[in-house]
Amino acid sequence: MTDVNVQEQSKKKPSKDEARLLKTRNFGIIAHIDAGKTTCSERILYITGKSHKIGEVHDGQATMDYLEEEQKRGITITSAATSCHWKDYFLALIDTPGHVDFTVEVERSLRVLDGAVGVFCGVAGVQPQSETVWRQGNKYRVPRLAFVNKMDRTGADFYRAVSTMRSRLHANAVPIQMPIGKEKEFLGVIDLVEMKAYTWADDDARAVTVGEIPADLRDEAEAYREEMIENVAEFYEPMLEKFVEGEPVTVEEIKTAIRNGTIALKLTPVLCGSAFKDKGVQNLLDAVVDYLPAPNEVPPAVGVHPDTGAQIVRQVASEEPPGAMAFKTISDPNGDLTFLRVYAGTLQQGDKYFNPRTRKEERIGRLMRMHAATREPIDIARAGDIVAAIGLKDAITGDTLCLKSDPILYESITFADTVISLSLEPKSSGDRDKLTAAISKLVREDPSFKARTDEQTGQMIISGMGELHLEVICNRIESEWKIPVNPGRPKVAYRQTLTGPKQVEARHIKQSGGSGQYAVARVRFRPDETADPVSFENNVTGGAVPREYIPSVEAGIRNAAKGGGRLGYPFVKIHAELYDGQSHDVDSSNMAFEAAGALAFRMAADGNATLLEPIMRIEIECPEEYTGDVIGDLSSRRGIVEEMIAKPGGITAIQGKVPLGEMFQYSTSLRSMTQGRGHYSMEPSTYEAVPPNIAEKVLAEMK
């Protein structure tokens, strides 16, 4: 929102619906694993009165970690939605996972949220998955606050954490608080906007004391406040004029400037605290309502007409025609839940809504407002709401719901390709049908989980984002569906590309009674690092291939590349140029030219294919004395060390890249090398050619 918008909005009295929206905040909590997201969410629920006791993650009692697997492992696996009230604001909160294997949950949450709080460890600062979720926030243009957590931990350093945000995230991170004390002596925070000190009792998250800034920190606080004002003044013209003239600025002017910069994605306000020790969460809630946008303060979601492709913009208002996006589904014995973000209009239980993807109407049986696993029935959902619906049978993640008479199609959500797969069989052959049914429900729930039947072996092959992802899937099948299974050995999701350029002439000509088939396609193929997976170029001149058949040639090439040829691994990073061909007035058809395109690709790939393997970006943290062993082991796994960073407490962070195929069961090896004190995180980076000796082993295993 611009300064002008802020001023204009303050001049006119908002309607009842606008007033409701202005008092609403839809936000998520995002971070690296173990930064304290769920602990922070639990304190928010307790402080706002939504929960009457604090659920701790390490005890398996966290409200937001309601799955059995989450409680056993002490990590968040699936995003959980809840809502609460703070002062006179309505807050809708989504707690997201931090482990890279479940990054799909962050992706689909950020797609529908208006704001987010990035939680960072006060000791480690920005960690690998922090970078990943921050990039996702940039992708969907989500305004964010930063909360430096765990300020009570040994080695915590607020200012170093802010520095890592600037260097690794390239964020304009501006502290609007400073800590009182550090590590074990961390007592509270100083609000640099209002220049007040906040301290908390050791045993009550709600018992906050507001007072004067300690005398020994007054000068330091004044200096940091001046720095903050200098950094935010440009985002509010009246404040900038005062700053330039050397006049004092008001608290409201500072807040308006911070809010403008945050919503414009040009500023990240930074707060601090210790969620586990109940310090700083009230201030974080105040910052959410002060600086994150209301649903009608972000650009409205843009859609298209499903038939004409014409762009449609509907304002975030209840009187608009309805438009909502399904961003998550959960299988449930009492009726599958479909989570919806209502972008425009209203949804009512019992009414039918049109799904442009399926071209069908579906009835919403019931509407719910979710509190983790608990449901609160509601009759109507209005623009700006995040709700769950029961009764939708075919809607999946990314689908739009609208009126058939006034349709709109919102841009769907894209997800990364899977990187690992394994075979899965029921221990009892009688459970095969039950397993197929369970897998189909999981595939509908999780867009990053894939399943197929191997045509040669008849085995079911499941694919996901990592070992932990597939392990959790197998455990859920056994615990929720009571189907004992035998998982096979994990396999890497290899890809292929062309070794070099190749020019081919594909002739698909069949003349055997009745109408024939005639298509000739001349295509140049070459490797292309920028193609994802195949780029197609039409350079046909003189009508050698009629215009209506060119999309069929492209379709044939793309389908053949996806099929993976003899090895079955999809081809990527390929450029195809159709430059000539021949057709027949009677016997040519779309089917014939699609077959010619597929044949052209097979000819280009024959004897001209290179195997590619997924390369992971890895960060390992271990005590300094074990660094040599860890690096040596990483090198034996064909890993490359790119950077080593010394961290407080004698810890070294080793950053580099390593092939996924060498990293199975790595956590066990790392624990044994570091006496249980090392840990690591990985995320997909790129695909690179497999060395010849390794490729031979892979092909031998396939045979």
Side-chain angles (χ1 to χ4, degrees), residues 1-10 115-118 120 122 125 143-148 151 157-167 169-182 188-199 210-273 280 282-294 297:
M1 178 184 283
T2 63
D3 303 344
V4 176
N5 288 340
V6 172
Q7 292 163 343
E8 284 180 355
Q9 196 174 58
S10 62
V117 174
F120 299 88
R144 277 147 286 171
L145 307 174
F147 180 69
V148 179
M151 288 301 300
D157 187 327
F158 175 66
Y159 303 105
R160 186 180 64 238
V162 173
S163 175
T164 63
M165 290 179 211
R166 293 168 179 164
S167 61
L169 303 179
H170 307 292
N172 182 18
V174 176
I176 61 171
Q177 291 181 349
M178 60 175 280
I180 300 174
K182 62 187 296 188
V189 300
I190 294 171
D191 182 337
L192 298 175
V193 177
E194 298 187 349
M195 291 300 278
K196 294 177 181 176
Y198 291 77
T199 53
V210 184
E212 294 297 315
I213 297 172
D216 59 329
L217 293 175
R218 186 81 199 185
D219 290 345
E220 188 181 355
E222 293 281 3
Y224 277 116
R225 188 175 198 261
E226 281 301 311
E227 185 180 321
M228 174 193 70
I229 290 172
E230 184 178 347
N231 283 321
V232 307
E234 64 179 288
F235 302 115
Y236 187 42
E237 194 67 37
M239 179 177 167
L240 181 60
E241 290 173 4
K242 282 188 174 182
F243 176 73
V244 171
E245 296 296 328
E247 298 176 17
V249 296
T250 67
V251 168
E252 285 309 311
E253 286 171 334
I254 297 173
K255 286 187 175 182
T256 300
I258 295 172
R259 181 176 178 76
N260 288 345
T262 304
I263 295 176
L265 302 174
K266 294 179 179 177
L267 174 70
T268 304
V270 186
L271 301 92
C272 61
Q282 285 97 331
N283 304 73
L284 178 60
L285 286 166
D286 286 339
V288 166
V289 301
D290 286 341
Y291 307 128
L292 289 183
E297 293 177 324

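Throughout, numbering of the chain's residues begins at 1 and tracks the sequence. Any value given below was found using the heavy atoms of this structure, including those in side chains, with hydrogens, waters and symmetry copies removed.
Looking at P179 and Y159, their side chains come closer than 4.5 Å, going by heavy atoms from C-beta outward. Side chains of E222 and M195 form a contact here, defined as non-hydrogen atoms less than 4.5 Å apart. With a 4.5 Å cut-off on side-chain heavy atoms, T250 and K242 count as touching. Side chains of P269 and V174 form no contact here, defined as non-hydrogen atoms less than 4.5 Å apart.
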### Criterion side-chain contact (heavy atoms from CB on, under 4.5 Å) on E194 and K255, from CA distance to verdict
CA-CA 10 Å; E194 298 187 349; K255 286 187 175 182; 3.1 Å; yes
### Message
Apply salt bridge (Lys or Arg N to Asp or Glu O under 4.0 Å) to residues R259 and E252 and explain how you reach the verdict.
### Response
CA-CA 10 Å; R259 181 176 178 76; E252 285 309 311; over 6 Å; no
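Nearest heavy-atom pair across A173 and R166 is O-NH2, 2.8 Å. The two residues A146 and F120 make their nearest non-hydrogen contact at CB-CE1, 3.8 Å. The two residues I213 and A221 have their closest heavy-atom pair at CD1-CB, 4.2 Å. Nearest heavy-atom pair, E212 versus A197, reported as atom, atom and distance to 0.1 Å: O-CB, 3.5 Å. The two residues P175 and L192 have their closest heavy-atom pair at O-CD1, 3.9 Å. The minimum heavy-atom distance linking Q177 with F158 is given by the pair O-CE2, 3.4 Å.
In terms of the salt bridge (Lys or Arg N to Asp or Glu O under 4.0 Å) criterion, residue partners of D157 (sequence neighbours excluded) are, by chain and number, R160. The side-chain hydrogen bond (donor to acceptor under 3.5 Å, both in side chains) test applied to S163 returns no partner, not counting sequence neighbours. Residues passing the salt bridge (Lys or Arg N to Asp or Glu O under 4.0 Å) test with K266: none are found, sequence neighbours excluded.
A distance of 6.5 Å separates CD1 in I180 from CG in L217, rounded to the nearest 0.5 Å. In this structure, CG in D290 is found 9.5 Å from OG1 in T256, a value given to the nearest 0.5 Å. One distance of note links CD1 of I254 with OH of Y236; it measures 12.0 Å at 0.5 Å rounding. Taking CE from M228 and CE from M178, the interatomic distance works out to 12.0 Å, rounded to the nearest 0.5 Å. Going from atom CD1 of I190 over to atom CG of N283 covers 11.5 Å, rounded to the nearest 0.5 Å. The distance from the CD1 atom of I176 to the CG atom of D191 is 7.0 Å, given to the nearest 0.5 Å.
The main-chain N or O of V193 is found under 3.5 Å from a side-chain atom of R225 such that the two form a donor-acceptor pair.
Each of L267, T268, V232 was checked for a side chain to side chain contact (heavy atoms under 4.5 Å, CB included) with N172, and the lone residue meeting it is L267.
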